[in-house]
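Computed from heavy atoms alone, side chains included, the values below leave out hydrogens, waters and symmetry copies. We count ligands from 1, going down the list as the structure has it; atoms in each ligand are counted the same way.
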Amino acid sequence: MYRYLIRPFLFLFDPERVHYWSFSSIKLFSSLGLSGLFKYLFLIEDRRLERELFGLKFKNPVGLAAGFDKNAVLYNELSNFGFGFVEIGTLTPKPQEGNPKKRLFRLKEDQAIINRMGFNNKGVFDAVEHLKKKHKVLIGGNIGKNKVTPNSEAIKDYLICFDALFNHVDYFVVNVSSPNTPGLRELQDKEPLTALLNELQLENTKYSSRQEVSRKPILLKIAPDLTDDQLMDIIDIVAVTKIDGVIATNTTISRENLKSHQLLLEEAGGLSGKPLKDRSTEVIRFLSEKSNKAFPIIGVGGIHSAEDALEKLEAGADLIQLWTGFVYEGPGLVKRINKAILNSAN
Ligand SMILES: Cc1cc2nc3c(=O)[nH]c(=O)nc-3n(C[C@H](O)[C@H](O)[C@H](O)COP(=O)(O)O)c2cc1C
């Protein structure tokens, strides 16, 4: 029904507007008591789907990727679609508008999206207010820096977000891989990245011992456009800084092998969806093999079917996330993936 009725209708309208309409509709339907229906349609509960990673128990390995619920306003309602975890953000210390609209483009022929949202968010302290309610699902807090903060002062921004969210999320994601904040990806270089992660780990130890609670898992989200040498650096950095894992991958700046109109391909921003699938799987496989499975990997990029998800898991991902596939295939995709994981375990 989604692919043949709902999607063609939604795709008649501007993608960013549709995103916010969908939010309002999900909120409205949930407040009218339809959460039970969503759960009935989309949720699978089965102990064989559970995963234990970095001290957390995930009800299933399929998560919603960052950038969907940037301001942490809909995580509980979204969990009714069957996700085992929801990643909020990217959040920055101060609220920011992001790039001028139009900044989100559908590449229908390629089943892809180009976005240059630019970390539009209401700021970490606004999100904290929304996170004070009871969570029905594990929450990842994806953190970044404000556009106006120079890279030389970026660590401060990450620390502000880390401290603000510490008591409100289950794990952290350090986002240095968005192509839409000028210069951000330079923080993926060995020296600044090691410094940033060391500083966050120090804060993690200080904060947790002060409050006599466990430290929070910290993961690093990387771009699919890194070279093999840079990926080898990432493996070293994870070992040296002792962070808990890697999310591979963010969107790509590549525009290879696309069928959509040239004018669309010329839009600046990160490309997600089907064309990203193979490269992100390649990155997962590389990290998993070259590190000898030294750390957990969350695989994300172009998962539009159960087969795509199984491919990521086979390549070395421990958990997976979706964004663009959720928009193109609808909420039923989460259940189809979880069913396939159950079947593959038999
Ligand atoms: C509109 C849009 C906004 C996004 N915003 C963020 C973000 O704020 N932070 C982040 O780490 N990733 C962000 N992403 C990247 C996704 O989390 C994901 O890594 C990427 O889209 C690849 O997965 P997919 O092919 O399933 O979409 C965004 C993606 C899209 C399409």
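Contact of the F119 side chain with the K147 side chain is not registered, since no non-hydrogen atoms from C-beta on lie closer than 4.5 Å.
Listed by chain and number, residues touching ligand 1 at under 4.0 Å (heavy atoms only) are A65, A66, G67, K70, G89, T90, L104, N115, N142, N175, K221, T249, N250, T251, S272, G273, L276, V300, G301, G302, L322, W323, T324.
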Pairs of donor and acceptor atoms involving the side chains of residues 29-42, under 3.5 Å and at least two apart or interchain, shall be tabulated with distances.
from	atom 1	to	atom 2	distance (Å)
S30	OG	I26	O	2.7
S31	OG	K27	O	3.4
S31	OG	L28	O	2.8

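Remark: the N120 side chain and the E97 side chain contain no N/O donor-acceptor pair separated by less than 3.5 Å. In this structure, a donor-acceptor pair under 3.5 Å is present between the side chains of T252 and D225.
The salt bridge (charged side-chain N to carboxylate O under 4.0 Å, His left out) analysis of residues 169-183, with sequence neighbours excluded, yields no pairs. Within the structure, salt bridge (charged side-chain N to carboxylate O under 4.0 Å, His left out) contacts touching residues 208-223 (residues at least two apart or in different chains) are R215-D244.
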